[in-house]
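The chains referred to below are lettered A, B, ... by the order of the sequence lines, with proteins before strands, and numbering in each begins at 1.
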There are 2 protein chains.
Amino acid sequence: MVEGGHFERKDYESGVQTQDGMELRVWLRLLTCTNLLDTEVRTRLKQTADTTLPRFDILAQLERHVGPMSMGELSKRLMVSNGNVTGLIDRLAGEGLVDRKPSPNDRRVQMVSLTKKGAKSFSNIAENHRTWVGDMMADLSPDEMNGLYELLARLKASILAAEDKNSLEAAE
Amino acid sequence: MVEGGHFERKDYESGVQTQDGMELRVWLRLLTCTNLLDTEVRTRLKQTADTTLPRFDILAQLERHVGPMSMGELSKRLMVSNGNVTGLIDRLAGEGLVDRKPSPNDRRVQMVSLTKKGAKSFSNIAENHRTWVGDMMADLSPDEMNGLYELLARLKASILAAEDKNSLEAAE
DNA sequence: ACTAATTGTTTTAAGCTTAAAACATTGTCT
DNA sequence: AGACAATGTTTTAAGCTTAAAACAATTAGT
């Protein structure tokens, strides 16, 4: 999109002013890293397997679950809306990667499972996925990886604490 | 969505197996943190200002630029497609937050600028935005913030190096 | 000046996403 | 059993996003 090689993707940092606080700078750098990785993964999924990340996420959930899974459970595990799952499963079923059939116990429920084709497709893609992510982080030392891992845990805890505090205030 | 308070949002970590490599674990934790922050910001933008993050990003770009900006320049700075900007500006113009008029020099070009209403709206939202992000990171010490900032810089460099290497291979 | 290529924008088609409404089925209560 | 609440899924309406095609206007080359 832009010439030069290093700014084809979202890079929110380019707009940060020096007077911005450290929090905004960390947030924008976090966003930049996530977008770079995310975009790269999506691009390679498209190029090498002609699929998308949401489809891949569904196959991954089905693969690690023993036996078929209901639409609702898929929706909970992926943390997306029910309607979203309906659409994705429609397309995956159309491509023959998953199988959807009504539950014999409860006629409201649709049970979904991987087809053989779906399982095979997933295992190929998952292998690639692991390699891609590894390559992108190849320049970080084990110490750096551990440090990042721990700091992200601290950040996650801080965010959740802030949300809890906020929801308590809202409940008053 | 799920009871318990800590897993209402995307949390890819819940599915990671112990045999997964460190790279995948870091990636999923990165994704979790970004999604938590991103979702929170979007939710609050919706609740407090009835707007969205893409709209906010456009107002921010227009605010820091002196004078009107073309559609193409906006598209480059936000790192999104031209068509995307067209749609967003359509809606922002409909809400009276931005002004769009043809350039006098080049009749292909549309020049966009903030209206008074848009500038006022942006400054209110930006103030809140800074506070939200600060609150979410409140539990991290200055040292931790600096450490995270530096490690993310290392990660960004590693990703870009991997992309460059990959595109060089593709060009052979 | 005519033709070509280039540049700037919009339109189109497809997919992802959500919230809210609509439907279908099951469970509960009397 | 009948009414009503709760649960599981799909549909609908709206917005974000992209790639590719279509349009419009400018620039370059002859």
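Across D:dG15, D:dT18, C:dT17, the shortest atom-to-atom separation from the side chain of B:Thr52 is found for D:dG15. In the set C:dT18, D:dT18, D:dG15, the nucleotide with an atom closest to the side chain of B:Arg55 is D:dG15.
Rounded to a whole Å, the CG atom of B:Asp38 is 14 Å from the C1' atom of D:dT17. With rounding to whole Å, B:Met69 atom CE is found 12 Å from C:dT9 atom P. Between the CG atom of B:Asn35 and the P atom of C:dT18 there is a distance of 11 Å, rounded to whole Å. Rounding to whole angstrom units, CG of residue B:Asp57 and C1' of D:dG15 are separated by 15 Å. A:Asn84 has its CG atom 12 Å from the C1' atom of C:dA19, to the nearest Å. Rounding to whole angstrom units, CD1 of residue A:Ile89 and P of D:dT9 are separated by 11 Å. In this entry the distance linking CD of B:Glu95 with P of D:dA14 reads 14 Å, nearest Å. The separation between B:Asp90 atom CG and C:dT11 atom P is 7 Å, rounded to whole Å.
Side-chain heavy atoms closer than 4.5 Å link hydrophobic residues (I, L, V, M, F, W, Y) into clusters, and following such links, even through other members, never connects B:Leu114 to B:Met111. A:Met145 and A:Leu30 end up in the same hydrophobic cluster when Ile, Leu, Val, Met, Phe, Trp and Tyr side chains are linked at under 4.5 Å.
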Side-chain donor-acceptor pairs under 3.5 Å in residues 119-129 of chain A, sequence neighbours left out?
unit_1   : atom_1 : unit_2   : atom_2 : d
A:Ser123 : OG     : A:Lys120 : O      : 3.2
A:Asn124 : ND2    : A:Lys120 : O      : 3.4

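Remark: B:Glu95 pairs with B:Arg55 by the side chain to side chain donor-acceptor pair (under 3.5 Å) rule, at least two apart or across chains. Scored by the side chain to side chain donor-acceptor pair (under 3.5 Å) test, A:Glu73 finds A:Arg77 as partners (sequence neighbours excluded). Taking the side chain to side chain donor-acceptor pair (under 3.5 Å) definition, one finds that A:Arg42 meets it with A:Asp38, sequence neighbours left out.
Using the Watson-Crick or G-U wobble rule with both distances under 3.5 Å, C:dA13 pairs with D:dT18.
In this structure, B:Arg42 reaches neither bases nor backbone, as no heavy-atom distance under 4.0 Å exists between it and the strands shown.
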List the protein contact pattern of nucleotides 1-8 of chain D with one symbol per nucleotide (5' to 3'): B for base contact, S for sugar-phosphate-only contact, - for none; contact means a heavy-atom distance under 4.0 Å.
------BS
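For D:dA21, the glycosidic angle deviates from 0 by more than 90°, giving an anti base.
Along DNA chain C, the nucleotide closest to B:Arg100 and the one closest to A:Gly87 are compared, and the more 5′ of them pairs with B:Arg100.
The side chain of B:Arg107 contributes no N or O atom lying less than 4.0 Å from OP1 or OP2 of D:dA24.
For residues 65-88 of chain A, no pair satisfies ring-ring contact (aromatic ring centres under 6.0 Å, His included), with sequence neighbours left out.
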